[in-house]
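Worksheet for the structure shown next.
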Amino acid sequence: MDIQFRPRRLREHPVLRRMVQETRLSVDQLIYPMFVCEGEGIREEILSMPGQFRFSVDTLLDELQQVRELSIPAVMLFGIPDDSQKDSSGSAAYDKNGVICRSLEMAKKHIPDLLLIADVCLCEYTNHGHCGLIQANTEDQVMIQNDKTVEALARTALVYAQAGADVVAPSDMMDGRVNYIRKALDEENLEHIPILSYAAKYASAFYGPFREAASSKPDFGDRHSHQMDPANSREAIKEVSLDIDEGADIIMIKPAMPYLDIIFQARQTTHLPIAAYQVSGEYSALCAACSQDWLKREAVVKESLLSIRRAGADLILTYFAKEVAEKIARGDF
Ligand code: PBG
């Protein structure tokens with residue numbers, strides 16, 4: 001038998017090519033991460049993340065309305081308190097009058113159908129910039145008190161849910177926090193609030209621009225005592241399984257592009273929805289190369305997001321959400 005294999009047959013006609021396309025991105029899969037700061041009338045571009053802004057609670061409303069008009073279903077909110085509100089225990093995180101609670105109340109009232117996801121972590125609220133209460137530290141080694149931090153995180157998640165968060169998203173990587181947050185929510189009749197856990201969050205250098213955006217850079221030491229070693233993958237699956245056992249409803253892998261193998265493996269392990277976070281450094285690196293015309297923005301943004309979907313992510317957090325939503329609406333994505 002003289003069979004000629006010609007896979008190119010399916011690539012020739014553009015219509016057929018579209019029909020056999022295996023992976024797609026829909027606007028329903030996008031989550032837009034946003035930063036809210038204290039003050040009024042603020043809409044300040046983040047230097048290290050061109051096209052992304054810090055909003056005060058009043059200007060945030062306009063932006064959220066635009067996000068909604070683009071049919072983006074959900075936002076993830078990060079709070080940036082004033083330096084004067086920060087302390088060693090990060091108590092501003094669970095202040096009912098803090099930026100996040102005020103944003104959630106405002107957004108719930110004016111745009112009830114926009115899904116509000118609140119990032120739950122202490123690093124933006126501690127004066128040392130670490131994700132929890134510090135037990136001891138040397139110049140380059142920081143020990144965080146796991147269980148005390150988990151209590152503060154649960155308190156924070158509860159306050160956010162009470163202020164209007166539809167989903168809470170712990171990003172701290174402390175042990176046992178999903179279980180603890182679940183119990184805290186359930187005790188207050190918030191058993192309907194889902195937990196999106198940053199299950200496998202790596203100690204990544206790709207968070208650099210975010211830390212500038214949120215002024216959450218640690219004063220000393222690093223996050224290797226709680227975030228995962230980039231060299232490990234079995235450990236990621238262990239983290240994912242633990243969070244599922246503790247009651248997570250959606251699990252997240254973060255960052256996205258450098259960890260596509262982890263997304264793929266998580267996809268083989270769980271039936272839960274998987275979210276992937278295309279983080280600040282992924283965004284800024286692409287923006288920088290595109291601004292030099294070394295890469296074509298539209299094409300690389302599309303390819304990066306499709307690769308994340310192809311690896312197995314259902315949902316993608318990306319700072320490109322708005323421009324991608326516009327393209328999807330015009331039918332050219
Ligand atoms: C912690 C948190 C971080 C990011 C999201 N949540 C920073 C960190 O762990 O240092 C990074 C997101 C990004 O880089 O876009 N609250």
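First listed ligand is number 1; within each ligand, the first listed atom is number 1.
The 12-atom threshold is not exceeded at CD of Glu40, counting heavy atoms of other residues, nucleotides or ligands nearer than 6.0 Å. With a 6.0 Å radius and a threshold of 12 heavy atoms from other residues, nucleotides or ligands, His192 has its NE2 atom above the threshold. Annotation: Gln268, atom CD; neighbour count of heavy atoms from other residues, nucleotides and ligands within 6.0 Å is above 12. Within a 6.0 Å sphere centred on CE of Met143, heavy atoms belonging to other residues, nucleotides or ligands number 12 at most. By the 6.0 Å contact criterion, CZ on Arg330 is enclosed, its count of non-hydrogen atoms from other residues, nucleotides or ligands being greater than 12. The number of heavy-atom neighbours closer than 6.0 Å to CZ of Phe53, taken from other residues, nucleotides and ligands shown, is above 12.
Interface atoms of ligand 1 facing Lys201, defined by a heavy-atom separation under 4.0 Å, are 1 (C), 2 (C), 3 (C), 6 (N), 8 (C), 9 (O). Taking a cut-off of under 4.0 Å to the non-hydrogen atoms of Lys254, the atoms of ligand 1 that pass are 2 (C), 3 (C), 4 (C), 5 (C), 6 (N), 11 (C), 12 (C). Which parts of ligand 1 touch Arg223 is read off a 4.0 Å heavy-atom cut-off, strictly below it: atoms 8 (C), 9 (O), 10 (O). Close approach to Asp119 involves these atoms of ligand 1, each under 4.0 Å from a residue heavy atom: 6 (N), 16 (N). The distance from ligand 1 to the heavy atoms of Cys123 drops below 4.0 Å at these ligand atoms: 1 (C), 16 (N). Taking a cut-off of under 4.0 Å to the non-hydrogen atoms of Arg211, the atoms of ligand 1 that pass are 8 (C), 9 (O), 10 (O). Of all atoms in ligand 1, listed by their number and element, those nearer than 4.0 Å to a heavy atom of Phe78 are 5 (C), 6 (N). Less than 4.0 angstrom separates some heavy atom of Ser280 from each of these atoms of ligand 1: 13 (C), 14 (O), 15 (O).
To the nearest 0.5 angstrom, Gln29 atom CD is 5.5 Å from Leu25 atom CG. A distance of 8.0 Å separates OG of Ser26 from CZ of Arg309, quoted to the nearest 0.5 Å.
At the top of the distance list for atom 12 (C) of ligand 1, counting protein heavy atoms only, stands Phe210 CD1, 3.3 Å.
For Tyr277, the heavy-atom gap to ligand 1 drops under 4.0 angstrom. The closest approach between a heavy atom of Gln227 and any atom of ligand 1 is below 4.0 Å. In this structure, Lys217 does not count as a contact residue of ligand 1, since none of its heavy atoms falls inside 4.0 Å of the ligand.
The aromatic rings of Tyr319 and Phe35 sit parallel, their planes meeting at an angle under 30°, below the 60° perpendicular limit.
Comparing heavy-atom distances from atom 16 (N) of ligand 1 across Gln52, Met76, Glu282, Glu124 singles out Glu124 as nearest.
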